[in-house]
Engineer: 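Shown below is the structure under consideration.
Start at 1 with the first residue, then count along the sequence. Counting starts at 1 for both ligands and their atoms, in listed order.
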Amino acid sequence: MKIGVLASQGAFIEHIEKLRQLGVEAMPVRLPEEIEGLDGLIIPGGESTSIGRLMRDYKLTQAIRDRVKNGMSVFGTCAGMILMARKSDDAYLESPGLMGITVRRNAFGRQRESFETELNVPVLGEKPFPGVFIRAPLIEQVNGTVEVLARLADSTIVAVRDGKMLALAFHPELTDDPRFHQYFLEIVSGRD
Ligand code: GLN
């Protein structure tokens, strides 16, 4: 199994390390030809405006859409989730738009710009998952086929899956907990 991590900008090294710790072949991706042989792609956190522009400039936006049609899985975290959404509050954002969700950028206001909270994620088991939120987006709406995996205590949606697509508003790569990466690998391999 081969997983690429989009390395245009943002927190990609941590994702590569997590995947390698799990014994998976993982590589940084910057060019369209580098996604050809991949089973899965992670779009990391960072600044969605910059990542989106770089994807466009390097001709990755359409290449990713095409690979997804041929079965590649995608896992987006924070800015990566924004880029996976078909709709956002940022009309100027350039993105592949892979998932039927509507997101709002920087949704938590100044006082809660960054925070950590324990999340109840039934697909990962009983133990709560440490949610690290950094200038995070939230998911305002999900379409019919999207499954909600986690919510905050006030019921804000922060983790979703749609078939081979997984998107989180927070940063699992900045924790010691590998369960979301493991879960993604199960999705990629068709075990889940
Ligand atoms: N605030 C960033 C954006 O809107 C996302 C932050 C992150 O990825 N940690 O793109």
Engineer: Which of the listed options, G46, C78, G10, holds the heavy atom that is closest to atom 2 (C) of ligand 1?
Structural biologist: G46

Engineer: Is R105 touching ligand 1 with its side chain, its backbone, both, or neither, if touching means heavy atoms under 4.0 Å apart?
Structural biologist: side chain

Engineer: If we only count N/O pairs under 3.5 Å, is T49 in contact with ligand 1?
Structural biologist: no

Engineer: Polar contacts were defined as any N/O atom of the residue lying under 3.5 Å from an N/O atom of the ligand; does this apply to I82 and ligand 1?
Structural biologist: no

Engineer: Check whether any side-chain heavy atom of P172 sits under 4.5 Å from a side-chain heavy atom of H181, and report yes or no.
Structural biologist: yes

Engineer: Nearest protein heavy-atom contact for atom 1 (N) of ligand 1: which residue, which atom, what distance?
Structural biologist: N106 OD1, 2.6 Å

Engineer: Heavy-atom distance under 4.5 Å between the side chains of L41 and I3, does that happen here?
Structural biologist: no

Engineer: Output the list of atoms in ligand 1 that are nearer than 4.0 Å to some heavy atom of H171, sorted by atom number.
Structural biologist: 7 (C), 8 (O), 9 (N)

Engineer: Does only the side chain of T77 get under 4.0 Å from ligand 1, or the backbone, or both, or neither? Count heavy atoms.
Structural biologist: neither

Engineer: Would you confirm whether R112, through its side chain, and F133, through its main-chain N or O, come within 3.5 Å as a donor-acceptor pair?
Structural biologist: no

Engineer: For the CD atom on Q141, are there more than 12 heavy atoms of other groups (residues, nucleotides or ligands in this structure) within a distance under 6.0 Å?
Structural biologist: no

Engineer: Closer than 4.0 Å to some heavy atom of S48 - which atoms of ligand 1 meet that?
Structural biologist: 3 (C), 4 (O), 10 (O)

Engineer: Please check whether R135 reaches ligand 1 - meaning an N/O of the residue sits under 3.5 Å from an N/O of the ligand, judged on distance alone.
Structural biologist: yes

Engineer: For E47, is there an ion pair with R105 - N to carboxylate O distance below 4.0 angstrom?
Structural biologist: yes

Engineer: Would you confirm whether R67, through its side chain, and I35, through its main-chain N or O, come within 3.5 Å as a donor-acceptor pair?
Structural biologist: yes

Engineer: Taking only heavy atoms of G45 into account, list the atoms of ligand 1 that are under 4.0 Å away from them.
Structural biologist: 8 (O)

Engineer: Please confirm whether the backbone N or O of L124 pairs with a side-chain atom of R179, one donor and one acceptor, at under 3.5 Å?
Structural biologist: yes

